[in-house]
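The structure appears right after this line, and notes come after that.
Heavy-atom basis, side chains included; hydrogens, waters and symmetry copies ignored. In what follows, chains carry the letters A, B, and so on, assigned in the order in which the sequence lines appear, proteins first and then strands, with residues in each chain numbered from 1.
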Amino acid sequence: MQGRYEPSEVEARWQAHWEKTGLFKVCEEPGKPKYYCMEMFPYPSGKIHMGHVRNYTIGDVVARYKRMRGFNVLHPMGWDAFGMPAENAAIANNTHPARWTYENIAYMTKQLRSMGFSYDWDREVATCKPEYYRWEQWLFLKMYEKGMAYRKEADVNWCETCGTVLANEQVEQGQCWRCGTEVIQKKLRQWFFRITDYAEDLLEYCNKLPGWPEKVLTMQVNWIGKSHGAELTFPVEGSETVIRVFTTRPDTLAGATFMALAPEHPLVAELSAGKPEEAAVREFVDRASRMERIRRTSDDYEKEGVFTGTFCLNPLTGRKMPVYTANFALMEYGTGAVMSVPTHDQRDFLFARKYKLPLIVVIQPRDAEPLSPESMAEAYTGPGVLVNSGEFDGMDNEEAKRAITAALEKKGLGKQTINFRLRDWGISRQRYWGAPIPMIHCDKCGVVPVPESDLPVVLPEGADLLPGGLSPLPTHPYFAKTRCPKCGSENARRETDTMDTFVESSWYFERYTSPHCDTAMFDPAAARYWMPVDQYIGGVEHAILHLLYSRYYTRVLSEFGLVDFKEPFTRLLTQGMVCKETVKCPEHGFLFPDQAEGSGQNRTCKLCGKPVVIGRMEKMSKSKRNVVDPAELLARYGADTVRLFCLFAAPPERDLDWSEQGVEGSSRFLMRVFRLVEQHLPAVAEAKSYADDPEKLAPALRSLFRKTHQVIAKVTRDIEDRFHFNTAISAVMELTNELSSLPEGTEAERPAVLRAAIENLVLLLSPIVPHLCEELWEALGMPPSILNATWPSYDEKAAAVDEVTVVVQVNGKLRARFTAAKDTEEKELERTALGDENVLRFLNGKAPRKVITVKNKLVNIVV
RNA sequence: GCGAGAGUGGCGGAAUUGGUAGACGCGCUGGACUUAGGAUCCAGUUCCGUAAGGAAUGGGAGUUCAAGUCUCCCCUCUCGCACCA
């Protein structure tokens with residue numbers, strides 16, 4: 001090594017070396033402690049973006065650090081390869097989803113390799129390959145057998161023009177994202193996973209995941225949405241029919257004056273049949289189903305409803321309650337019917353006011369003006385005492401919840417229940433580019449599972465998408481038409497829906513443990529050795545869906561005895577977004593940085609000359625034109641600089657503000673380290689790292705040696721305890737600063753002390769900037785790879801300080817400071833402090849009333 | 001509306017259990033070396049003040065010898081959920 005540091009040359013050389021020596025390949029080594037470090041695998045969208053770079057850099061540092069700490073580290077990478085973008089790209093570029101996907105994988109693999117990540121590429125997984133999804137199909141069959149996968153009719157977003165189902169994400173303001181047609185709700189028979197069976201367990205374990213961010217757990221808890229309440233039965237007047245409702249407020253039952261059914265509620269048609277209101281009801285229901293999407297995205301839509309023409313009876317008071325169908329009642333929550341209590345529910349209050357429905361106060365607050373229907377401006381939802389509730393009058397409302405439910409239960413009209421917001425996981429997608437659901441529909445036998453021996457049901461990769469992006473599967477000559485495995489009939493059709501891509505990502509981490517296993521989803525022994533994942537790292541945008549599905553799927557695997565744990569991820573780190581400032585022209589909207597000229601706040605638009613607005617930091621996105629392409633950075637600065645900046649600019653869980661100058665700074669620091677090592681190399685080449693008594697050293701060397709060990713301690717703690725790489729790096733920078741400001745000298749111990757500082761500097765930095773450190777490590781005459789070196793341990797004695805700065809406060813204000821030997825007695829510190837000139841000046845002759853002394857820290861004199 | 005998180009110099013961010021607020025880096029200022037510097041090195045850089053000193057961690061109160069850190073109230077921002085019965 002000599003001369004200038006050329007990252008591109010150095011990085012290419014070491015990457016080749018790592019690959020040649022198979023440095024990152026791992027296998028089970030019983031007896032050696034394992035560590036499974038995994039980052040969320042990418043969708044092969046075309047090229048990597050800064051979010052990937054940040055995510056994978058964090059993971060790589062953890063993996064490398066743990067390996068140097070003696071762990072057998074599994075650090076895999078793969079591709080979440082099924083999904084819509086491939087279909088869109090195929091339509092746009094007149095190619096095939098498979099081809100597009102595989103080309104992207106090839107390109108992105110190259111990009112990831114050039115970042116120097118320590119992946120065991122032999123374990124690469126791509127979910128679109130039959131050898132992967134066949135096992136997902138296999139599990140689907142098992143789940144079907146056990147009733148964990150089932151088929152039912154359900155509402156979906158439907159675009160009439162495109163003739164297809166849309167994912168929620170593809171509905172924009174109630175319209176199809178592609179053609180703009182108004183999206184309607186349509187009932188289709190869909191496959192579901194019974195995740196609700198695990199609602200309670202998934203919730204309970206939210207309290208048993210100490211390694212997860214509080215934020216994510218809270219989001220999951222809210223999503224699962226457990227609420228305690230009662231299911232009550234309301235008889236319909238003059239009929240055998242009953243309406244069942246779920247309520248969390250059975251105590252307010254006597255105040256229920258009307259009933260609201262969701263427009264989709266099956267009783268709506270029945271109750272309005274033959275009534276004068278029938279036409280109006282039908283019109284309303286029709287409109288509601290069309291409006292569904294739009295009204296969910298608008299904040300101030302009107303609560304509306306229509307009387308069905310029928311009454312039901314309040315099971316407590318016998319009061320006649322008009323039955324409405326109303327847009328605020330949701331079919332997917334509770335029973336789809338709401339007992340409406342206008343006095344004690346704000347929504348019901350607004351509705352009642354609009355339709356002039358009666359108000360009955362049944363809860364009176366204890367310490368406030370009594371409520372009256374005439375004077376109420378809003379519903380009262382607080383605690384209180386029951387009134388107008390017959391035998392329950394005077395009862396505390398919390399107590400009344402139980403009492404009223406119990407009373408109704410005796411009459412067979414109610415029971416305590418628990419309701420969850422979580423709904424079963426609909427996994428059917430009317431899409432082509434996904435894993436086929438292994439089922440067959442036979443005219444005679446109905447739904448028949450594909451026999452295990454016929455797996456995988458291979459997605460025909462020769463098929464092309466139909467116009468409008470339609471799946472070719474339903475009309476595919478070989479795929480759709482098939483024989484019934486049960487009766488042999490030729491009149492059978494394959495299920496042509498594919499599975500939600502979230503199914504694939506719910507078990508890929510288990511597959512990584514034995515990616516080539518062709519007799520099972522994964523080798524149980526390998527999974528037993530590696531799982532669960534010790535550290536999972538990814539974006540918070542997956543806080544609910546992917547992480548909840550994975551937790552569920554793992555429970556399913558556990559149910560089948562395939563794994564012996566329930567929680568797949570012991571620790572989770574959610575990294576923040578990568579942001580950059582936006583540049584906006586009043587005329588031309590968002591600009592690319594090079595479309596503005598000038599500097600600072602005085603930039604103008606090149607197109608029109610108007611002053612531009614420098615916006616605040618926002619997540620990098622194409623539409624905001626504030627993306628930075630990792631490929632360009634890589635070419636300009638090399639991987640190490642990019643890695644360093646990503647880690648140094650912010651702690652991992654926070655958003656990272658991109659700064660071109662910050663990247664320059666990181667690059668400069670690496671150059672500086674390189675020069676520093678190069679400069680000291682002749683002196684330390686023959687030396688052995690100092691390990692003798694620190695007391696023997698002259699002050700300057702003693703100080704450098706102390707700093708070295710303090711920094712080892714600090715970096716180790718920062719990485720181990722909290723993944724705060726930014727402060728770890730700043731500590732190494734301090735060591736670098738101390739090293740470069742070391743005064744000249746000729747002490748005998750100098751080479752050894754310098755050697756210790758440099759060796760440790762390189763070791764500490766090596767998980768962060770591995771290429772440079774390999775280079776320096778080799779230059780120091782050490783055998784490659786530095787990844788096989790042991791993480792340095794620090795010497796308490798070497799790190800210890802012998803002098804401390806003691807500050808002196810007078811009435812809590814800093815007035816003086818002095819140095820004292822470490823552990824000087826309090827009395828002695830107090831004496832020194834009271835003798836200080838400046839302190840005496842502030843005491844101004846007054847006698848101290850009290851003196852607080854903290855050893856090694858401060859003396860506070862109170863007068 | 002509900003839930004969570006955050007608010008510290010010109011900027012990104014430090015501050016282990018209450019004990020020197022601003023580590024480290026960016027930027028900026030001055031200087032050195034240079035044909036030149038957008039390289040490198042040295043010095044400085046929270047604000048006000050020539051200084052002594054004073055003020056300062058979103059705002060306000062409180063606990064304490066001592067508060068960025070603990071308690072209460074308020075404000076702002078970000079994220080998530082959102083007609084949840």
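- For A:His724, there are no ring-ring contact (aromatic ring centres under 6.0 Å, His included) partners, not counting sequence neighbours.
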Original post:
Can you give the dot-bracket line for RNA chain B, where a pair is Watson-Crick or G-U wobble with both atom distances under 3.5 Å, crossing pairs use [ ], and | marks a partner on another strand?
Top reply: (((((((..(((......[....)))((((((.......))))))(((....)))..(((((..]....))))))))))))....
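- Legend: residues meeting salt bridge (charged side-chain N to carboxylate O under 4.0 Å, His left out) with A:Lys215, ordered by chain and number and at least two apart, are absent.
- Side-chain atoms of A:Arg551 and A:Gln220 include a donor-acceptor pair closer than 3.5 Å.
- Across residues 847-863 of chain A, A:Lys850, A:Ile852, A:Val854, A:Lys857, A:Leu858, A:Asn860, A:Val862 each have a non-hydrogen atom less than 4.0 Å from an atom of RNA chain B (numbered order).
- Listed by residue number, the members of residues 803-811 of chain A with any heavy atom below 4.0 angstrom from RNA chain B are A:Thr805, A:Val807, A:Gln809.
- Taken residue by residue, residues 576-583 of chain A places no heavy atom nearer than 4.0 Å to RNA chain B.
- Taking A:Glu653 as the reference, nothing meets the salt bridge (charged side-chain N to carboxylate O under 4.0 Å, His left out) condition, with sequence neighbours excluded.
- Taking atom CG of A:Leu735 as the reference point, atom C1' of B:rG25 lies 16 Å away to the nearest angstrom.
- If you find the closest nucleotide of RNA chain B to A:His724 and to A:Ser659, the one lying nearer the 5' end belongs to A:His724.
- Applying the salt bridge (charged side-chain N to carboxylate O under 4.0 Å, His left out) criterion to A:Glu541, with sequence neighbours excluded, gives no partner residue.
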Do any N or O atoms of the protein come closer than 3.5 Å to N or O atoms of nucleotides 39-46 of chain B, and which pairs are they?
residue : atom : partner  : partner atom : Å
B:rU40  : O3'  : A:Arg675 : NH2          : 3.4

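- Considering only residues two or more places apart in sequence or on other chains, A:Arg249 meets the salt bridge (charged side-chain N to carboxylate O under 4.0 Å, His left out) condition with A:Asp251.
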Output a table of nitrogen or oxygen pairs between the protein and nucleotides 22-24 of chain B separated by less than 3.5 Å.
residue : atom : partner  : partner atom : Å
B:rA23  : O2'  : A:Glu734 : OE2          : 2.8

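- Contacts of A:Phe284 classified as ring-ring contact (aromatic ring centres under 6.0 Å, His included), with partners at least two apart in sequence or in another chain: none.
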